[in-house]
Amino acid sequence: MKLLLPILSLLSLTTAVPSERRQSSTSTPDAFTLNIRWSNSPLKGPLNANAGSFWTGKPTSSFCPETVPGCKLANATSFLAQDGQLFLNTAVPGGQQVYISPQGQLTYTPPHSAAIPTGSLTNLVSWSGDSGDSFLNPFLTYWLCNTDADATSWSVWLEYTNGTTGSITNAGSDGVNACTRIALEAMPYRGAGAWEFS
Ligand SMILES: *[C@@H]1O[C@H](CO)[C@@H](O)[C@H](O)[C@H]1NC(C)=O
Ligand SMILES: *[C@@H]1O[C@H](CO)[C@@H](O)[C@H](O)[C@H]1NC(C)=O
């Protein structure tokens, strides 16, 4: 019975972390950008949402439907975390959720659709809080891979183990393009959210 108390207090410590994050700022509560860290390449700065995935070297594709009065385009891609899940910082009804596709690409739902393919991973948010840093789920292995069409546009992929062969696969690599390992660090964001990202 003596062991029970320390275990319980440990549990309450770990569950206390997310709510502290929630209360930590007032103006734009909890919004953050995800910034490239620990790349072996010169690539750095925040990720941009564009056409369903996340990029460096492509602009943020925020969008304002004509039917939304006073809508302002956001020039940055910011995120919110809720209950272990990751969302784009948008106002569009239904929101836009971020997930890892079954192919391993960091992806987001389009406006007005909550559909996420079976086999995706949505529970992305755990932070390594060791030195006050906030790295997005440090148990996952993130890569930036450029596209064959444009060597300056890089998007985020995660490697996985093929259950049949046991080989470690990064579907963002086609053997011709370049890929570099990264970590993603949450940095507080004080600017405006977007209506939606297209
Ligand atoms: C977005 O706009 C703000 C205010 O004009 C500016 O300070 C900031 O540098 C811009 N960010 C990007 C990523 O262009
Ligand atoms: C796993 O490897 C097998 C054999 O190479 C391949 O047919 C299959 O598509 C792979 N599965 C995934 C999810 O990559």
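Whatever order the structure lists ligands and atoms in, that order sets their numbers, starting from 1. Positions are given from 1, in the same order as the sequence printed here. Quantities reported herein were computed from a predicted structural model and do not represent experimental measurements.
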- Heavy-atom count around Asn40 CG within 6.0 Å, excluding the residue itself: above 12? no
- Message: Checking side-chain polar atoms at under 3.5 Å, does Thr60 have a donor or acceptor matched by the opposite partner on Ser62?
- Response: no
- Item | Side-chain donor-acceptor pair present, Gln85, Gln97, cut-off under 3.5 Å | yes
Per-pair distances, ligand 2 N/O vs protein N/O, less than 3.5 Å:
from     : atom 1 : to     : atom 2 : distance (Å)
ligand 2 : 2 (O)  : Asn162 : OD1    : 3.4
ligand 2 : 2 (O)  : Asn162 : ND2    : 2.3
ligand 2 : 11 (N) : Asn162 : ND2    : 2.9
ligand 2 : 14 (O) : Tyr160 : OH     : 3.0
ligand 2 : 14 (O) : Asn162 : ND2    : 3.3

- Check whether any side-chain N or O of Asn137 sits under 3.5 Å from a backbone N or O of Phe139 as a donor-acceptor pair, and report yes or no. yes
- Item | Ser41: partners by side-chain hydrogen bond (donor to acceptor under 3.5 Å, both in side chains), with sequence neighbours left out | Ser39
- Task: Output the distance between atom CZ (Phe79) and atom CZ (Phe32), rounded to the nearest 0.5 Å.
- Result: 7.0 Å
